[in-house]
Every structure is written in structure tokens, then in C-alpha cells.
Amino acid sequence: MKYGKAGIPSLKEVYADSFDFGTAVVANEVLDTDRMEFYKSQFNIFTYGNEMKPDSLINIAACKSAVRKTGDETAVEVKFDRCKPLLEWAAQNGVKVHGHTLIWHSQTPEQFFHEGYNSTSPLCSREVMLGRMENYIRQVLTWTEEHYPGVIVSWDVVNEAAADSGRQLRQSNWTKVVGEDFINRAFEYARKYAAPHVKLFYNDYNSEMTMKNLVIRDILSSLIADGTVDGYGFQSHYSTSSSLFYIGVAWDTVAKLTLNDGTPIRLRVSELDVGIPANTESNWKTQARFYEDLFEIYRKHADQIDAVHTWGTTDDLSWRRENYPLLFDGQSQPKLAFDAITD
């Protein structure tokens, strides 16, 4: 397959004076040399879709063994085989990686929250769970920096902690075992072990929903008071019927937050895609206009944005493939949406 088309603009070059332009990949993509050369021509920062999430890194069998041998319930064993390919490729090719994600209610093994790492045993105490959290974060941050120094420039420390309704946190194993301050503790540990150059983000979706936006700002304000957060990641899984007005309002309100040193909070577009209802020329044009208008919002806040990441590159590999949401089609060719944001 021929990836891309000769002579098309490069997203990373078009936006070089504004922010980094990135994409998300999975392991099979990283092993495709030609595909990655095409991606490198377009993007200068990458993130793993799944391979750096807790269920990919936590070695439950080894955790159980460690507890049996030592009696230390806070022992955590981590494996890095699944995340090495992208980190090695990035190091060899001089591109950046954004880490996604350290703490999440989903894709975290149920056993991680139970005594002896056995899902039929009682839940851990708060103290044990905090010990596991710290040991896990410490190993991930120190190992990646030791083996791939400077490659990972930022992390989503906590992902999707705000509830979808009401001004409250999402109830999860983390709130059940640790309590609602699990977010603060996660950022405390991440700040403790992250290299000085690594920026720490809270990441969430539906930021344009008024009540959820309030919760997100509550979370960020608490972390800012602690001095542990650098920025916010806007997950941006939209459709062409999404409200650009409320998206703009969400950006304006979050962008007003300032860190303890008086500098504006950093922002990221962490998971961008825009779905359409069917594969028609009219829908392609509507999608292109939506992307174009969306990037007007991003240009407005460019001085605070570290990176814009599409959540995948080609429609055929998207988690929303039935909605054709990305900038390149299933044949890896640029779409009208690509033209709209590079013209």
C-alpha cells in the first residue's frame, strides 16, 4: 500500500509555529516500517493507544508472586515489553512521546485493588492501595526515563475521573479504595518521580458539557493548589453535530486557569476525531468545515497548547471506523478535512 500522497503538506510543518502535531498508534502500526515513515512525515509527537495503559504494564502474576515471597502487599511488578517498540522507534527517529495513561478506572486489572492481587479476596486498605499506586508510578516513570531519556515529554497522570452527570467524581475502584483524593495522590507521586522536563496532565472527555466542565475545573484547581499539575488534555471525540459554540466556551473557561507561578495552564488536544453518519460527499464537506472551525479555536489558544493529537491516523484503523472520523481515509489518502486544516 502507498501511504499518503506525494507533495501533500506536512501537519507538523504547517503548525510548527503553533504547537506539535501528533497521532496515536498501536503496536502493529509501529512494526510497519513504511507506515511509520509516512507518520513521521506528518507528526512529531506520538502516543500509544493501549500499550502504556495499566493493563498493559502491570504484571499481575509477578505481583502475586512478590506478595507471597515478601509479605509486602504494596509490591508491584511492571512489564514493559508492549511499550518498547514505540519508545525505541521514537528514540531512533528523534520524535517525542506523550505517555497515556498512569491512573484510570478502566483498563486497570481488577486484581490490582484486592489483597494478594486476588479478585476473590477483600479490597485493599487505603494505605496499601496508596503504596501500590506510588510503587507503580515510580517504576513506570523512572524506568522509561532511564531507558529512553528525554523521549517521553508528558504524561496523562489521571484519566477520566469526572462523572458524566452531576458535579461529582466518577465512582470507581479508585474512589472506593483510596477515596476522592486519589487524583491528588497520583499527581503527588508523579511529580515526585517524573523527570524535571516532563509535564503532567489531567485528561478527560465531554469538556463542553457545562456540569462536567465545572468538575474538571474543580479537579484542576485542587491540583494547581497542590502545585502538581501542568495542564489539561481535551479528549475531543466529536461528531459533525457537536456544538462548536460550547466547545469554544469550554476552551475559554479552562484556559483562564493559572498555575501557582502565575503562568497560564498548559493545554493539549489529546484524542481528536470527528465522526460523520455516512460515507457521502456531502458529509465529507461538512466534516471538513467542522475541522476547519475547530482549528480556529485551537489557533486562538495556540500560545497555551503543547500538542494536538488525532486519535489515530487513518479511518480503517480508528476505534470509530464506521464514522470515518480522521484526516486520512482507509487507503491512507488525505481527505477534505486534511485539506481544510492545511490550506
Hey, is [X] close enough to [Y] for a salt bridge, meaning N to O under 4.0 Å?
X      : Y      : result
Asp273 : Arg321 : no
Arg266 : Asp306 : yes
Asp181 : Arg126 : yes
Lys84  : Glu51  : no
Arg289 : Glu292 : no
Asp315 : Lys335 : yes

Side-chain heavy atoms under 4.5 angstrom apart, residues restricted to Ile, Leu, Val, Met, Phe, Trp, Tyr: same cluster for [X] and [Y]?
X      : Y      : answer
Trp143 : Leu86  : yes
Phe21  : Leu326 : no
Val153 : Leu259 : no

Do Phe338 and Pro9 touch side chain to side chain, with heavy atoms closer than 4.5 Å?
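They are in contact (side-chain heavy atoms under 4.5 Å apart), so the answer is yes.
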
To the nearest 0.5 Å, tell me how far [X] [atom1] sits from [Y] [atom2].
X      : Y      : atom1 : atom2 : value
Asp81  : Leu57  : CG    : CG    : 10.0 Å
Ser236 : Asn206 : OG    : CG    : 10.0 Å
Trp284 : Asp329 : CH2   : CG    : 7.0 Å
Asn135 : Leu130 : CG    : CG    : 11.0 Å
Glu188 : Met133 : CD    : CE    : 10.0 Å
Ser282 : Gln287 : OG    : CD    : 11.5 Å

Parallel under 30°, tilted from 30 to 60°, perpendicular over 60°: which one fits the rings of [X] and [Y]?
X      : Y      : answer
Phe290 : Tyr238 : tilted
Tyr15  : Phe295 : tilted
Phe46  : Phe43  : perpendicular
Phe201 : His98  : perpendicular
His100 : Trp104 : tilted
Trp174 : Phe182 : parallel

Sort out for me which residue in Trp311, Trp251, Tyr298 forms a ring pair (Phe, Tyr, Trp, His ring centres under 6.0 Å) with Phe234.
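Among Trp311, Trp251, Tyr298, the one that satisfies the ring pair (Phe, Tyr, Trp, His ring centres under 6.0 Å) with Phe234 is Trp251.
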
Mind checking whether Tyr148 and Phe80 have ring centres under 6.0 Å apart?
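Distance test on ring centres: not under 6.0 Å, no.
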
Applying the side-chain contact (heavy atoms from CB on, under 4.5 Å) test to Val157, which of Thr101, Leu223, Thr228, Leu200 qualifies?
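Considering Thr101, Leu223, Thr228, Leu200, a side-chain contact (heavy atoms from CB on, under 4.5 Å) with Val157 is found only for Leu200.
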
If I compare all heavy atoms of [X] with all of [Y], which pair ends up nearest, and what's the gap?
X      : Y      : value
Leu11  : Leu327 : CD1-CD1, 3.9 Å
Ala337 : Tyr291 : CB-CD1, 3.5 Å
His197 : Gly150 : NE2-CA, 3.7 Å
Ser242 : Ile247 : CB-CD1, 4.4 Å
Ala162 : Ile216 : CB-CG1, 4.3 Å

Listing request: all salt bridge (Lys or Arg N to Asp or Glu O under 4.0 Å) pairs with a residue in residues 212-224, at least two apart in sequence or in separate chains.
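Checked against salt bridge (Lys or Arg N to Asp or Glu O under 4.0 Å) - neighbours excluded - the pairs reaching residues 212-224 are Asp164-Lys212, Arg167-Asp218, Asp204-Lys212.
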
Test salt bridge (Lys or Arg N to Asp or Glu O under 4.0 Å) on Arg191 and Asp230; report intermediate values, then the result.
CA-CA 10 Å; Arg191 181 60 72 197; Asp230 293 299; 2.8 Å; yes

Lys285 atom NZ: more than 12 heavy-atom contacts under 6.0 Å
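Incorrect, the count does not exceed 12.
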
side-chain hydrogen bond (donor to acceptor under 3.5 Å, both in side chains) for Thr286 and Thr240? Distances and angles first, verdict last.
CA-CA 7 Å; Thr286 301; Thr240 50; over 6 Å; no

